[in-house]
Amino acid sequence: MDASSIIESLNDAQTEAVTAPNKALLVLAGAGSGKTRVLVHRIAWLVKVEQVSAHSILAVTFTNKAAKEMLGRVEDMLAMPARGMWVGTFHSIAHRLLRAHYRDAGLPEGFQILDAQDQLRVIKRVMKELNLDDNEWPPKQAQWFINAKKDDGLRPGNIQHHGDFFVSTMVKVYYAYEEACKTAGLVDFNELLLRAYELWANNPHLLKHYQERFQHILVDEFQDTNAIQYAWIRLLCHEGNRITIVGDDDQSIYGWRGAKIENIQQFENDFPDCKISRLEQNYRSTSTILKAANAVISYNSDRMGKSLWTEGNEGEPITIYSAFNEQEEARFIAARIEDWVQQGNSYNDIAILYRSNAQSRILEDAMLNRNIPYRIYGGLRFFERAEIKDTMAYLRLMTNRDDDASFERVVNTPARGLGEKSVDLIRAKAREDETSLWQAASKMVVDQLLPPRARTAMAGFLHLINELDSSTKEVDLWEQTEVVIEHSGLMDKVSKEKGEKAQARKENLQELVNATREFDPDEMIPEETPDMTPLMAFIAHASLEAGDTQADEYQESVQMMTLHSAKGLEFPLVFIAGMEEKLFPHQMSLDEPGGLEEERRLAYVGITRAMQQLYLTHAEKRRMWGRETYPSVSRFISEIPAELMTEVRLNTQVQRPVFQKQSPIKRKGPEGFHLGQLVQHPKFGKGIIINYEGEGPQASVQVNFEKEGLKKLMLAYAKLEPSS
DNA sequence: ACCACCTGTTATTAT
DNA sequence: AACAGGTGGT
């Protein structure tokens, strides 16, 4: 087999990693060093050269996007489908295992996944039943508590509360929540991981089966694994297996959801003869961008140590822009985007990154104003929209009548006369009988335990679900969905609403039908669960991949997303907006131990997304939660060496005193001039220095004159004088 | 029981 | 600024 084709395009370090014969391989891969490439090529190497069966390979990633990309690239290299190979996120793989072995995992066959929204609803209900006042005991806090415990692999019985009132109350909620999930056949995200772990830990024969099957384990983004994920990998990794992990401690940005950077060090301890391979050559960014990233991250302590370098050219300086306010910041970005495209470049090259989703609105407005096509990732995603969740709730009930979360959601949506009172009666009955709401409701209808009106309405609802289910057993998924949208009355309800949003909702429902049409069940139903219906597969897909926010995937567009979701991506032109203290680094993280360092890693991730040009923008005035704030410039900007940056200040259409403020970045300019300095010119009058380049006789400055606007002047000739 | 309107609260990051 | 939850009228 031709080995050279797999390694010919790789550098020495990459080749070493791809071909390593070791049992355990740890690849410390800096940003832009070809991490995914190494993984893809290593899989190809295993299959083509070492003649390993794809069937014995397990590759784990952190996002569905990454999984899809990896599989696609592997198949391209192999020039054939990688049949039998498991590639997916920890969550999707855990889900797959639990479906295949639901009995051993102690789950009902039709168990369903609870997303964060659903989870919070269930917790709220449970807390209400425990008579916990939700002002004193915010449900969000309980949600956070439960998830954090699950991240660490702890069941309520394993939590020591030492008489602490807070902890013991939370544990009570945790117990009750578990009970609620159990009767309803619901599994939250973290439960997927924890159950999958327990499945193996408690069933040695199953574990043995998978240990023997997965001779080759590869894990991407290892710095993002949490305790339970690591434990799960450790279980699977048996003496005979080979394991490759790839990670970068400087890009660990998920500590808040339980990720442990220490897992990388732990790996070295657990696999003492593991080979460590470092990828330090960056192929992505200009040296300027890389230097800036290295400088920022160097402010962190406790790094594993790694020095990224590049053969790339210096490129453009990093541009800092101080906007008057957030609108103007957005307009500035839009204008730069137009410049970029006018120079013959593509919208696809561009990303706008921000710390929090709330920032996307204003940026979005600016794009709309200038007719710049854009695509927002994150925020409220498709499968999280109310009308979509409603429809999914019907579909879920059709699959699993005991799904209490879905039952509660749609029992009175659209309104059918089953108000809070009636549902309370059902809830009480369910609690009494220790059954699901569906079963309680059925019993009460039969036993005539409800007031006549409610009884009729409830009977109607139960019948509707049964009817939807039985009448669509034989039809395609998309038709099934269409029938549900029509017969449930959801379409009618949405059609009757007025306003712009109603139209969008209608379109979303239409879009859902399209999504089911495009959904390929053959691809999504794993070999080991052939009984899975296309509907079940679709529901799982909807829960595990909330879906992107917008359609039009094929149109060229600017990509807008949070810094977190930008990890793993790269763009020639990158804007990072909102470089302000308390926004980035975020206030919330400043209060947490280690929070600032994680924010700094996030800054590192952001900076290293840029290939050619990077803009860092901030606003001097920003509206936050309705109030005006005057944030100071993010410390991360001051951590970048001044010689790598240039600051622009434009005289924009915003009405304000032009020479209002000194720039926060103070740099020495040539011949005693500096950025932001006011100057006087014999012909052009008063102006402010916004940029300069070159030294000595070559030095030139860019000045924004009050009257004449932007001018570029050679310092040697222009008779510029400082002014006040 | 339902709807419209008002009020208080609340925005980090996400599988 | 936006949304969930609560209040009061029908």
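Naming: A, B, ... by sequence-line order, numbering from 1 per chain. Note that this is a predicted model, so its numbers are computed, not measured.
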Options [options], nucleotide nearest the side-chain atoms of [X]:
| X | options | result |
| --- | --- | --- |
| Tyr254(A) | dA1(B), dA14(B), dC2(B) | dA14(B) |
| Thr89(A) | dA14(B), dG5(C), dT15(B) | dT15(B) |
| Arg257(A) | dA1(B), dA11(B), dT15(B) | dT15(B) |
| His564(A) | dA14(B), dC2(B), dT15(B) | dA14(B) |
| Ala415(A) | dT13(B), dT15(B), dC2(B) | dC2(B) |

Taking atom [atom2] of [N] as reference, at what distance in whole Å does atom [atom1] of [X] sit?
| X | N | atom1 | atom2 | result |
| --- | --- | --- | --- | --- |
| Leu602(A) | dA14(B) | CG | P | 10 Å |
| Lys496(A) | dA4(B) | NZ | P | 12 Å |
| Met458(A) | dA1(B) | CE | C1' | 14 Å |
| Lys567(A) | dT15(B) | NZ | P | 11 Å |
| His586(A) | dT10(B) | NE2 | C1' | 12 Å |
| Leu563(A) | dA14(B) | CG | P | 10 Å |
| Leu353(A) | dA14(B) | CG | P | 12 Å |
| Asp224(A) | dT13(B) | CG | C1' | 12 Å |

Parallel, tilted or perpendicular: rings of [Y] and [X] (30°, 60°):
| X | Y | result |
| --- | --- | --- |
| Phe461(A) | Phe407(A) | perpendicular |
| Trp256(A) | Tyr254(A) | tilted |
| Tyr210(A) | Trp200(A) | tilted |
| His541(A) | Phe519(A) | tilted |

If you look at every strand shown and take non-hydrogen atoms under 4.0 Å, does [X] touch a base, only sugar-phosphate, or nothing?
| X | result |
| --- | --- |
| Arg361(A) | sugar-phosphate |
| Asn190(A) | nothing |
| Lys124(A) | sugar-phosphate |
| Ser543(A) | nothing |
| Phe62(A) | sugar-phosphate |
| Glu384(A) | nothing |
| Arg121(A) | nothing |

For [N], does either OP1 or OP2 sit under 4.0 Å from a side-chain N or O belonging to [X]?
| X | N | value |
| --- | --- | --- |
| Asn226(A) | dT15(B) | no |
| Arg381(A) | dA14(B) | no |
| Asn357(A) | dA14(B) | yes |
| Arg627(A) | dA1(C) | no |
| Lys140(A) | dA11(B) | yes |
| Thr562(A) | dA14(B) | yes |
| Ser92(A) | dT15(B) | no |

Mind checking whether Tyr230(A) and Phe222(A) have ring centres under 6.0 Å apart?
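Yes, close enough.
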
Looking at the rings of Tyr174(A) and Phe145(A), which for Trp means the six-membered one, are their centres under 6.0 Å apart?
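Ring centres of Phe145(A) and Tyr174(A) not closer than 6.0 Å.
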
Going by centres under 5.5 angstrom and planes under 30 degrees, do the aromatic ring of Trp256(A) and the base ring of dT13(B) stack?
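Stacked: ring centres under 5.5 Å, planes under 30°.
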
Using the P atom on both, measure dA4(C) against dT13(B) and round to a whole Å.
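Roughly 15 Å separates the two P atoms.
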
Does any non-hydrogen side-chain atom of Leu363(A) lie less than 4.5 Å from one of Met560(A)?
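A side-chain contact exists here, since the closest heavy-atom pair is under 4.5 Å.
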
